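Have a look at the structure below before the remarks.
Keep in mind that this is a model prediction, so the values were computed, not measured. A, B, ... follow the sequence lines: proteins, then strands. Residue 1 opens every chain.
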Amino acid sequence: MNKVYLTTAIPYVNGKPHIGHAIDYCQADVCARYYILLGDEVRLQAGTDEHGTKIYQKAEAAGVPVQQYVDGNVKEFKDFIAKLGVSYTDFVRTTGPDHERRVQEIWQKLRDHIYMGKYEGWYCAGCERYITQKEYDENNGICPDHQKPYEKLEEENYYFRISDFKEQIKAAIENGEMRILPEFRRKEILRLLQDSPDVSVSRPREQLSWGVDVPDDPSQVMYVWIDALSNYLTVLGYPDEDVSEWWPPVAQFVGKDILRFHAIIWPAMLSGLGLPLPRNIVAHGFILSDGQKMSKSLGNVVDPVEVLDRHGPDAFRYYFLRHIDTFNDSDFTWEKYENAYNNELANDLGNLVQRLATLAAKNDVKIGNDTNVAKLPDEYAELMNNYELGKCFDYVWGKLQELNRRIDEEKPWSLAKNGEKEKLDKCLKSLMRDLLEANYLLSPFLPDTAEKIKGIFADPIAPPETPLFPKD
RNA sequence: CGUGGGGUAGAGCAGCCUGGUAGCUCGUUUGGCUCAUAACCAAAAGGUCGUUGGUUCAAAUCCAACCCCCACAACCA
């Protein structure tokens with residue numbers, strides 16, 4: 001039995017869940033369930049990133065103690081993940097005492113690659129980040145997001161020497177030890193890696209108070225990188241516990257916006273710790289709302305909880321795994337969502353189950369309970385192993401559509417009318433067996449539905465009172 | 001001269017690497033069926049493959065130039 005460790009990105013909890021967060025969860029969860037089908041033991045991590053000045057300021061603005069503020073947001077995320085049916089096994093919060101202590105230990109282990117450096121240049125307090133000279137020139141010295149002039153800043157902080165590991169990381173990407181998917185992202189990272197500068201990993205306390213203290217230097221607080229990225233390790237108990245049976249992760253799911261940190265800074269950290277690199281980093285795109293980037297100013301933000309509540313978790317998973325491209329940006333509109341629900345879930349799948357169950361029940365044909373597939377089809381497994389989740393879902397759907405076709409061709413209702421009992425029996429059994437086989441392949445994608453379908457075709461076969469996917 | 005992706009039927013996409021009757025899904029129209037959630041099945045209509053030029057017997061596919069969209073450009077999911 002293999003041990004498989006999968007991770008999702010930990011969202012920054014300065015607000016409620018964004019619809020984009022759902023992609024990570026859906027993708028990681030399907031993979032987790034797939035590995036379980038294979039008989040592996042799976043750990044799936046989820047968590048929240050809770051430090052930083054932005055959160056601190058938001059809490060202050062709300063007049064709430066910071067910890068209380070993040071606790072509230074974390075609850076929203078946890079509720080959302082639960083509603084989605086994500087089968088996570090471990091949850092990590094960066095404000096958790098175990099995490100904080102372990103991060104400090106990790107910092108110390110990386111000590112040889114950390115040095116005190118000086119930053120001299122522009123800074124935007126609103127963005128909470130350094131501004132390059134080029135960016136400064138382009139914006140004429142004024143932050144376009146905050147409408148405030150950039151400040152001149154000169155400060156000391158700690159740097160992590162990425163350059164110590166560049167060659168190693170490059171080699172790992174090139175020889176396939178660490179795969180970056182999709183391919184075009186891999187190329188992008190290889191290019192970016194060339195001129196990745198060392199990265200600043202702390203801030204003076206006056207600038208950033210809500211964070212993990214840098215060991216042995218009370219004037220500095222850790223900046224996001226080491227704190228947040230370490231979550232994938234601390235949640236397993238590293239370095240207190242031996243994590244070797246779970247490490248390295250089989251796949252880490254991230255958004256395209258944070259891929260570079262996961263494909264450069266993070267492997268550098270792991271190399272510094274002497275740990276193997278993740279086997280796969282899977283980067284997904286963003287969700288567009290009616291063809292445009294979601295933004296508050298455009299007023300086109302879609303609330304994921306609303307989408308989830310509309311038709312339940314499996315409809316949500318269906319759309320996000322099949323119609324949201326696994327790797328590229330894709331569009332969400334309510335119209336598309338409703339179409340997918342009505343035409344595909346209700347008509348293709350729901351109706352298929354309904355008609356077949358009715359045919360079987362009316363004619364008193366039964367099928368045994370042994371419906372699991374001994375060996376997954378090669379095509380299915382190969383798509384899964386390459387994290388081509390959308391294509392894999394298409395493959396399964398093709399099997400379902402074929403069944404609708406076959407029912408029409410074999411016309412079991414005429415067999416019944418003509419009293420051809422034997423033929424009818426054979427025909428329906430074969431159809432049901434194939435449906436249950438397809439259902440097994442479907443189960444990682446739509447776990448609730450697959451469970452229901454299994455129940456419907458158990459003994460006695462019972463067509464559902466209310467359809468699987470009712471229309472309104 | 002920042003980097004990358006893309007422009008193919010009303011919409012969303014595949015095909016391009018390894019040139020050779022332009023394909024899939026949804027939508028539309030028509031026909032069939034009646035087991036089923038007015039669901040299912042079949043067929044048809046619909047495209048000068050961004051533009052111009054080049055290579056070739058032959059280009060959506062290779063080459064060049066140009067036009068237009070989009071993303072990224074150190075954490076805004």
Side-chain angles (χ1 to χ4, degrees), chain A residues 9-12 14-24 49 52 54 126-132 134-135 138 145-146 182 184-185 187-189 191-192 195-197 199-200 223-225 228-229 254-262 264-265 284-288 291-296 301 304 322-323 325 327-331 333 335-336 339-340 342-363 390-391 394 397-398 401 403-417 424 428 431 463-464 466-472:
Chain A
I10 55 172
Y12 194 58
N14 62 345
K16 292 182 179 185
H18 183 282
I19 199 158
H21 293 122
I23 305 179
D24 274 28
D49 175 14
K54 239 179 258 176
C127 303
E128 203 192 321
R129 68 178 176 88
Y130 300 141
I131 305 299
T132 59
K134 197 176 150 203
E135 214 175 339
E138 272 171 15
D145 294 333
H146 298 90
F184 68 87
R185 295 283 175 216
K187 283 191 211 148
E188 195 175 299
I189 291 300
R191 255 193 331 270
L192 280 168
D195 34 43
S196 275
V199 60
S200 154
Y223 188 52
V224 63
W225 308 127
L229 289 167
V254 300
K256 65 177 184 181
D257 54 329
I258 53 172
L259 172 65
R260 59 185 56 197
F261 317 126
H262 284 79
I264 297 173
I265 300 176
H284 64 249
F286 279 4
I287 291 170
L288 308 175
Q292 283 183 300
K293 192 167 172 170
M294 279 187 210
S295 78
K296 281 177 196 147
V301 176
R322 185 143 187 255
H323 290 295
D325 190 284
F327 303 119
N328 289 298
D329 292 359
S330 318
D331 201 28
T333 66
E335 195 192 350
K336 285 180 183 174
N339 279 341
N342 288 317
N343 300 328
E344 296 164 35
L345 282 172
N347 293 353
D348 286 350
L349 177 57
N351 182 55
L352 168 65
V353 168
Q354 195 78 27
R355 66 197 297 214
L356 196 49
T358 306
L359 280 166
K362 271 189 186 165
N363 296 292
K391 288 199 176 122
D394 285 345
W397 211 258
Q401 288 174 312
L403 284 165
N404 269 324
R405 222 171 294 137
R406 264 179 61 199
I407 295 178
D408 270 66
E409 278 164 17
E410 294 174 21
K411 304 189 192 344
W413 54 88
S414 335
L415 294 178
K417 226 176 264 171
L424 175 65
L428 289 181
L431 286 166
T466 39
L468 233 35
F469 298 100
K471 297 184 191 173
D472 33 38

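For A/K471, taking side-chain heavy atoms from C-beta onward, the closest of the listed nucleotides B/rA74, B/rU37, B/rC26 is B/rU37. Of the candidate nucleotides B/rU37, B/rA77, B/rA71, B/rU37 has the atom lying nearest to any side-chain atom of A/Q354. In this structure, of B/rC40, B/rU3, B/rC72, it is B/rU3 that holds the atom nearest to the side chain of A/R191. The side chain of A/D348 approaches B/rC40 more closely than any other nucleotide in the set B/rU37, B/rC40, B/rA74. Taking every side-chain heavy atom of A/N351 into account, B/rA39 is the closest of B/rA39, B/rC76, B/rC35. Closest to the side chain of A/L359, out of B/rG4, B/rA77, B/rC35, is B/rC35. Distances from the side chain of A/R405 to the nucleotides B/rG27, B/rC41, B/rU37 place B/rC41 closest. Closest approach to the A/I407 side chain among B/rC35, B/rC41, B/rU37 is made by B/rC35 (side chain taken as heavy atoms from C-beta onward). Side chain of A/I287, nearest nucleotide from B/rA77, B/rA71, B/rC40: B/rA77. Relative to the side chain of A/K417, the nucleotides B/rA71, B/rC35, B/rC40 differ in distance, and B/rC35 lies closest.
In this model, the phosphate group of B/rC70 is not approached by any side-chain N or O of A/N328 to a distance below 4.0 Å at OP1 or OP2. At B/rA36, one or more side-chain N or O atoms of A/K362 fall inside 4.0 Å of OP1 or OP2 (strictly under the cut-off). Within the structure, every side-chain polar atom (N or O) of A/R322 is placed at least 4.0 Å from both OP1 and OP2 of B/rU25.
Rounded to whole Å, the distance from CG on A/D331 to P on B/rC70 is 14 Å. For A/E335 and B/rG12, the CD to C1' distance is 12 Å, given to the nearest whole Å. If you take CG of A/D394 and P of B/rC24, they are 15 Å apart, rounded to a whole angstrom. Atom NZ of A/K336 and atom C1' of B/rU25 are 12 Å apart (whole Å). Distance, A/D408 CG to B/rC41 P: 6 Å, rounded to whole Å. The distance between atom NZ of A/K411 and atom C1' of B/rA36, rounded to the nearest whole Å, is 15 Å. Atom CG in A/L356 sits roughly 13 Å away from atom P in B/rU37 (whole-Å rounding). Regarding A/L468, its CG atom lies at a distance of 13 Å from the C1' atom of B/rA36, rounded to whole Å.
Atom C1' of B/rA11 sits at a distance of 12 Å from the matching atom of B/rU28, rounded to the whole Å. A gap of 24 Å separates the P atoms of B/rC72 and B/rG15, to the nearest Å. If you take atom P in B/rG10 and the same atom in B/rG50, they sit 14 Å apart, rounded to whole Å. Distance noted for atom P between B/rA60 and B/rU8: 15 Å (whole Å). Comparing the same atom, C1', in B/rA42 and in B/rG47 gives a spacing of 23 Å after rounding to whole Å. B/rU25 and B/rC63 have their C1' atoms separated by 34 Å, given to the nearest Å. Distance check on atom P: B/rU56 versus B/rG19 gives 16 Å, rounded to whole Å. Comparing B/rC76 with B/rG6, their P atoms are spaced 25 Å from each other, to the whole Å.
Two residues are said to be in side-chain contact when any heavy atoms from C-beta on lie closer than 4.5 Å; A/L415 and A/E410 fail this criterion. Side-chain contact check for A/H18 versus A/P304: every heavy-atom pair is 4.5 Å or farther apart. With a 4.5 Å cut-off on side-chain heavy atoms, A/V199 and A/F261 do not count as touching. In this structure, A/Q354 and A/L468 have side chains that are not in contact, with every pair of non-hydrogen atoms separated by 4.5 Å or more. Residues A/L349 and A/V353 form a side-chain contact, since some pair of their non-hydrogen atoms from C-beta on lies under 4.5 Å apart. For the pair A/L356 and A/L428, the minimum side-chain heavy-atom distance is below 4.5 Å.
Here B/rA71 sits opposite B/rU3 as a Watson-Crick or G-U wobble pair (both hydrogen-bonding atom distances under 3.5 Å). In this structure, B/rA9 makes no Watson-Crick or G-U wobble pair, since no nucleotide meets both defining distances under 3.5 angstrom. For B/rA42, the paired nucleotide is B/rU30, the pair qualifying as Watson-Crick or G-U wobble because both relevant distances are below 3.5 Å. With both pairing distances under 3.5 Å, B/rG19 is matched to nothing as a Watson-Crick or G-U wobble pair. Base pairing of B/rC62: its partner is B/rG54, meeting the Watson-Crick or G-U wobble criterion (both donor-acceptor distances under 3.5 Å).
You can call A/F286 stacked on the base of B/rA77; the centres are under 5.5 Å apart and the planes sit within 30°.
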Begin from the C-alpha positions of A/I407 and A/W413 and carry the test side chain to side chain contact (heavy atoms under 4.5 Å, CB included) through to its verdict. CA-CA 9 Å; A/I407 295 178; A/W413 54 88; 3.8 Å; yes
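Among the protein residues, A/P197 comes within range of the nucleic acid bases, having at least one heavy atom under 4.0 Å from a base atom. Contacts of A/G255 with the nucleic acid, taken as non-hydrogen atoms under 4.0 Å apart, are absent. Nucleic acid contact for A/N347: sugar-phosphate only, since backbone atoms but no base atoms lie under 4.0 Å from a heavy atom of the residue.
Between A/R185 and A/E188, at least one side-chain N (NZ, or NE/NH1/NH2) sits under 4.0 Å from a carboxylate O, which counts as a salt bridge.
For the pair A/F261 and A/H323, nearest-nucleotide mapping onto RNA chain B gives the more 5' position to A/H323. Each of A/S196 and A/F469 was assigned the nucleotide of RNA chain B with the nearest heavy atom; the assignment lying further toward the 5' end belongs to A/F469.
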